[in-house]
Structures are given as structure tokens and as C-alpha cells.
Amino acid sequence: MDIIENIEMIREYTKGMDFPAFLADRKTRDATERCLQRISEAAKKLGDLAEAEMPDLDWRGIRDIGNVLRHAYDRLEPKAIWAIVTTLLDPLFLSTKATLARLEATEQTHPR
């Protein structure tokens with residue numbers, strides 16, 4: 001899944017970095033922005049898919065993350081990108097894994 005793969009790439013890019021190092025490394029910042037764009041697109045798709053498959057559950061959180069990143073990634077300042085890297089990605093990683101596990105369990109119980 002794009003979300004998990006891209007979060008793992010960002011974690012690898014920024015491993016051991018502090019904010020000044022992140023600011024100084026334009027290559028890492030550019031790569032992180034590209035990953036955030038892919039995460040936003042995948043989060044929107046995942047929210048739409050999950051809502052279609054399981055309409056009784058609330059998927060706004062995942063879709064909202066996708067919408068926020070998709071509309072903001074191209075004008076994010078490095079400070080905002082760093083805030084997303086340090087505060088948003090771990091919860092997104094965990095919620096995405098849980099969502100995918102639920103979708104897989106639903107698929108196994110109710111194959112198309």
C-alpha cells in the first residue's frame with residue numbers, strides 16, 4: 001500500500017535527523033514532499049474504498065488526512081513538513097495498518 005511504503009521511506013530519509021539537519025538537506029525535503037503527495041493520494045483512495053466496502057464505519061479521519069496533504073503539500077514550509085513527519089506519520093501508519101487489516105478481514109469473510 002502506498003501509504004505504508006511512503007511513510008517507511010520518509011522514516012528512512014529522516015532517520016536520526018533533527019530539524020536543523022532537515023532544513024539543511026534540500027534533497028531529503030524534496031523526497032519527503034513527494035512521499036507526502038503520494039500518501040495524500042493513497043489516503044483519499046483508501047478512504048473512498050473503505051467507505052464503499054464498509055459504509056457503517058467512520059472513514060473521515062483517513063480521507064481528511066488525504067485532503068489536507070493533497071491541498072497543502074505543494075505550499076508546505078519546511079517547518080510544517082517537519083511537523084507532519086514528527087507528529088502525523090506514526091498515527092497515520094498505525095491507522096492505515098488497522099484499516100487494511102479490517103478490509104482484508106472483510107474481504108476474506110465476504111469475497112466478491
Side-chain angles (χ1 to χ4, degrees):
M1 164 48 76
D2 277 350
I3 295 174
I4 292 173
E5 290 169 7
N6 281 287
I7 289 174
E8 288 174 345
M9 281 195 286
I10 291 172
R11 284 174 161 166
E12 198 57 39
Y13 296 150
T14 58
K15 195 174 190 175
M17 269 192 176
D18 57 11
F19 184 58
F22 182 74
L23 278 180
D25 191 340
R26 182 69 225 181
K27 193 172 173 183
T28 295
R29 281 174 26 205
D30 288 345
T32 300
E33 287 181 48
R34 285 192 301 276
C35 284
L36 289 173
Q37 180 185 10
R38 290 190 291 268
I39 289 168
S40 73
E41 292 163 358
K44 174 75 167 66
K45 285 180 191 170
L46 180 59
D48 291 344
L49 171 68
E51 185 173 64
E53 296 288 321
M54 294 179 275
D56 52 325
L57 297 178
D58 184 5
W59 300 103
R60 280 182 306 211
I62 287 178
R63 187 179 291 105
D64 287 350
I65 288 168
N67 286 333
V68 167
L69 288 178
R70 191 170 54 260
H71 295 301
Y73 81 88
D74 58 345
R75 49 178 198 239
L76 286 175
E77 295 296 318
K79 188 174 182 179
I81 295 171
W82 187 247
I84 290 170
V85 167
T86 57
T87 61
L88 179 67
L89 292 184
D90 280 339
L92 178 58
F93 181 81
L94 294 174
S95 69
T96 300
K97 283 185 78 163
T99 299
L100 290 173
R102 280 191 299 249
L103 282 173
E104 286 173 11
T106 300
E107 183 69 24
Q108 289 172 0
T109 318
H110 307 296
R112 293 180 190 178

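The ring-ring contact (aromatic ring centres under 6.0 Å, His included) pairs that include a residue from residues 33-52 number zero, where partners must be two or more places apart or lie in different chains. Note on residues 16-26: pairs passing side chain to side chain donor-acceptor pair (under 3.5 Å), not counting sequence neighbours, are D25-T28, R26-D30, R26-E33.
The structure places OG of S95 at 10.5 Å from CG of D90, a figure rounded to the nearest 0.5 Å. For the atom pair CD of E12 and NZ of K15, the computed distance is 4.5 Å after rounding to the nearest 0.5 Å.
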**Request:** Test I10 against L36 for side-chain contact (heavy atoms from CB on, under 4.5 Å), laying out the working first.
**Result:** CA-CA 9 Å; I10 291 172; L36 289 173; 4.0 Å; yes
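Taken together through direct or relayed side-chain contacts under 4.5 Å among Ile, Leu, Val, Met, Phe, Trp and Tyr, L88 and M9 form parts of separate hydrophobic clusters.
Here the options are L89, I4, D2, the test is side chain to side chain contact (heavy atoms under 4.5 Å, CB included), and the partner is I39; only L89 passes. Of the listed residues (Y13, F22, W82), just one forms a side chain to side chain contact (heavy atoms under 4.5 Å, CB included) with R29, and that residue is F22.
Two residues are said to be in side-chain contact when any heavy atoms from C-beta on lie closer than 4.5 Å; I84 and T32 fail this criterion. Put simply, the side chain of R34 does not reach to within 4.5 Å of the side chain of N6, judged on heavy atoms.
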